[in-house]
Amino acid sequence: MKSPLEAPERQITEETSAKPQEPAQSVIDTSKMSEGKRAALDLAESSRDPLDERGSFASNLFIGRFDFDRIFPYPVQSAEDRAKGEPFLKQLREYLEANVDGDEIDRTGEIPQKNIDDLFAMGAFGVKIPTQYGGLGLSQVNYGRAAMLLGSWDANLTALVSAHQSIGVPQPLLLFGTEEQKEKYLPRVARKEISAFALTEWNAGSDPANMSLRADPTEDGSAFILNGEKLWCTNLIKAGVLVVMAKTQPKMVNGKERKQITAFIVDVDSPGLEITYRCHFMGLRALYNGIVKFTNVRVPRENMIAKEGQGLKVALTTLNTGRLTIPAACVGLSKRLLDICRKWVTERVQWGVPIGQHYAIAGKVAEIAGNVFAMEAMTFLTSALVDRKAGDLRIETAMCKMWATEATWRIADEAMQVRGGRGYETAQSLAGRGEPAIPVERFLRDCRINMIFEGSSEIMRLFIAREALDPHLKVGGAIFNTQLPMSERAKAVFKSGKFYASWYPKQWLPASAGDLDKLHADLRPHLHKAARTSKRLARGLFHAMTRFGPKLDREQLLLSRFVGIATELFAISATCAFAQHKIDQGEPASEVLSIAGYFCRAASMRIDHHFAGTARNADRAGYDLTQELMAGKHADLREGIV
Ligand SMILES: Cc1cc2nc3c(=O)[nH]c(=O)nc-3n(C[C@H](O)[C@H](O)[C@H](O)COP(=O)(O)OP(=O)(O)OC[C@H]3O[C@@H](n4cnc5c(N)ncnc54)[C@H](O)[C@@H]3O)c2cc1C
């Protein structure tokens, strides 16, 4: 049974039947790069699946296409799917409230084993694992709703459940596992064993090409022998099984050696595997994160995930969807912080009125509320599209992760300011002197890491920018690629000339957001403006390409402004679609419109700021200054301190 709000059959067919693209030839000239950068890019490019030709709503924003009909009507969860998730979500909600003490977990640095056992029994560690393997077999949206509940209550538990399912054994096996692997491991991780994901090493954080943990084949080829160490592996201390990324024998590509990374499932009780250290952090005090050492650990070949050399592809593809858990948890936390602020600005009276009547504080609360609305709109829109298998959503998921984690950090920071001294005081201390134990400082400590792990904000911007430039690189990248023969480069000049002769003039024509008849009149101007802005963005990106040519990838701050503009446009569009959905559901239009309208105006101001920065900025001066500091200049800045 389809709900009336599900995508039309034609759209689903079109979006899911897009032909997989041939692996693209390298469109980036890496010949003049430093060895480290070349290795990083070669590896990333060889592990990257080409974007599907039709792009997605968010990716098309960069080429001036505003396909609002791909996200409108808002792809709401079907009634059937909602009903399927409801019993579990109700149980989880009641369980958290009655049995999980976030402040105690934070204070002791331990999650009670009973909580973990109960969550296993409930199925919370196997939400998306199909029922045939012992999981709950729920959708991405239901999983997101579970992450939202967890995120609103306790970040340590969220990390445990999320690292296990979103990047640990379940997701890569669901995507790439053989039937034997699924039968062997999925029932274990659904109901009794925690899993973890081990990629990072001392010298390999954002740069997996630097990895040194080795997996060498045994003489008879039946197994691999792992040697090396992994750092900061979340869940490790409690885990029974790990996904481990290891360097395998390099491959020769066009006469050059290319690094190979391969993914393995490794049982924690394998001989030679040692957990050597538990790490501790500013927040997430009960994170079971540590260092794991491998000394001649034998892993049977059948434990390899996908093919040899496809490890990074496994990791990147896993994260394309796995990345949605963090923003869903951010929605939960931000809603909780909004609730705290709403109460406090109403109750707390200073200078004769509730502090919410002082403009400085009212501005903060409005900003929090608008961002909560937009964050929910973007995250659950993308989750629903994932459930519909609606094409390639890597840009949407990366935008959700980057935008939501940064917005949540600002929300936690502002919530602390709104709460004043009480925001900075621990929950335990507040309770000790008779005030409600409101843990804003814990929330602030806990949410900071979200901008660092599972792809830092900087790496997310590079990732989105790479995909944004893809259509241009495909038609024109070869022109500048000195590694290609002249004949290929000449062909590219012709191809790109033809493409840009038709594409570029269109970016100056009036833009349309399509048929917006079904949208409230107050929402339409935001979308018309967004459609115009998408064309302006496409022109800006094109001008930057003609100005910087192949060196554009060095202009990270400039590219990050373009990424920022597109992300705000995605947020505005998702917000308007979500707002209309709410109005259609009978929510008071004036309330919905005031929050959506506020958000769109605020986002539009951020877009103006980004555009202003593309024309006038201090990027070059800032870069030079940092190089001077790195060279030891400006010694006076170190004077007068201890
Ligand atoms: C609490 C916690 C839990 C974690 N859990 C796991 C886990 O379960 N499994 C796992 O494998 N790893 C895990 N990690 C590792 C995490 O994913 C890395 O910290 C992250 O990838 C960044 O790597 P790094 O810390 O080495 O920073 P670096 O890569 O050294 O980067 C430092 C800074 O430079 C920026 N930077 C790096 N390269 C570039 C570039 N090319 N352009 C612009 N900026 C750049 C980064 O964004 C960052 O701001 C965890 C880390 C922590 C702290």
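For this chain, numbers begin at 1 and follow the sequence in order. Just so you know, ligand 1 is whichever comes first in the structure, and atom 1 is the first atom listed for that ligand.
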Just so I know, are the side chains of Pro471 and Phe62 near enough to count as touching, which here means a heavy-atom distance under 4.5 Å?
no

Indicate whether atom 29 (O) of ligand 1 is within a distance of less than 4.0 angstrom of some protein heavy atom.
yes

Classify the contact between Thr200 and ligand 1 as side chain, backbone, both or neither, using a heavy-atom distance cut-off of under 4.0 Å.
both

Criterion side chain to side chain donor-acceptor pair (under 3.5 Å) against Asp106, the qualifying member of Arg442, Arg445, Arg285, Gln428
Arg445

Among all protein heavy atoms, pick the one closest to atom 39 (C) of ligand 1 and tell me residue, atom and distance.
Ile459 CD1, 3.8 Å

Side-chain donor-acceptor contact under 3.5 Å, Lys238 with Gln113:
yes

Nearest option to atom 17 (O) of ligand 1, as decided by whichever heavy atom of Tyr288, Phe281, Phe453 sits closest:
Phe453

Less than 3.5 Å apart, any donor N or O on the side chain of Asn227 or Asn296 sitting next to an acceptor on the other?
yes

Between Gln556 and ligand 1, which part of the residue brings a heavy atom under 4.0 Å of the ligand: side chain, backbone, both or neither?
side chain

Is at least one protein non-hydrogen atom found at under 4.0 angstrom from atom 32 (C) of ligand 1?
no

Any idea how Phe542 and His472 line up, ring-wise: parallel (<30°), tilted (30 to 60°), or perpendicular (>60°)?
tilted

My question is simple, although I want it checked carefully: is atom 47 (O) of ligand 1 less than 4.0 angstrom from any protein heavy atom?
yes

Please list, in number order, the atoms of ligand 1 under 4.0 Å from a heavy atom of Ser456.
46 (C), 47 (O)

Test your reading of the structure: does Ala198 have an N or O sitting under 3.5 Å from an N or O of ligand 1?
no

Heavy-atom nearest neighbour in the protein, as seen from atom 14 (N) of ligand 1, with distance rounded to 0.1 Å:
Trp232 O, 3.6 Å

Polar proximity ligand 1 side, Phe197 side, N/O cut 3.5 Å exclusive
yes

Of all the atoms in ligand 1, which lie at a distance below 4.0 Å from a heavy atom belonging to Asn289?
2 (C), 3 (C), 4 (C), 5 (N)

Ligand 1 versus Asp207, non-hydrogen atoms closer than 4.0 Å: side chain, backbone, both, neither?
neither

Against the six-membered ring of Phe463, is Arg323 placed for a cation-pi contact (under 6.0 Å from the centre, within 45° of the normal)?
yes

What residue and atom, counting heavy atoms only, is the protein's closest point to atom 44 (N) of ligand 1, and at what distance?
Glu458 CB, 3.7 Å

For atom 35 (C) of ligand 1, is some protein heavy-atom partner under 4.0 Å away?
no

Between Gln310 and Thr262, do the side chains contain an N or O donor and an N or O acceptor separated by less than 3.5 Å?
no

Residue pair Ser383 / Tyr143, side-chain donor-acceptor N/O under 3.5 Å:
no

Tell me which protein heavy atom sits closest to atom 8 (O) of ligand 1, plus the residue, atom name and distance to 0.1 Å.
Thr234 N, 3.0 Å

Judged by modelled atom types alone, do Ser334 and Thr408 share a side-chain donor-acceptor pair under 3.5 Å?
yes

Should we say atom CZ of Arg547 is surrounded by more than 12 heavy atoms from elsewhere, each under 6.0 Å from it?
no

Leu462 and ligand 1 - part of the residue with a heavy-atom distance under 4.0 Å:
side chain

Atom 53 (C) of ligand 1: closest protein heavy atom, distance to 0.1 Å, is Ile449 CD1, 3.4 Å

Distance-only, no hydrogens or angles: does the Tyr288 side chain make a donor-acceptor pair with backbone N or O of Ile111 under 3.5 Å?
yes

I need the nearest protein heavy-atom contact for atom 26 (O) of ligand 1: residue, atom name and distance, please.
Gly205 CA, 3.3 Å

Heavy-atom closest pair, residues Phe443 and Ser152:
CZ-O, 4.5 Å

So which heavy atom in the protein is nearest atom 27 (O) of ligand 1, and how far is it from that ligand atom?
Ser206 OG, 4.2 Å

Supply the atom-to-atom distance Ile129 CD1 to Tyr185 OH, rounded to the nearest 0.5 angstrom.
14.0 Å

Would you say Ile452 touches ligand 1, if touching means a heavy atom closer than 4.0 Å?
yes

Counting heavy atoms only, which part of Leu284 comes closer than 4.0 Å to ligand 1: side chain, backbone, both or neither?
neither

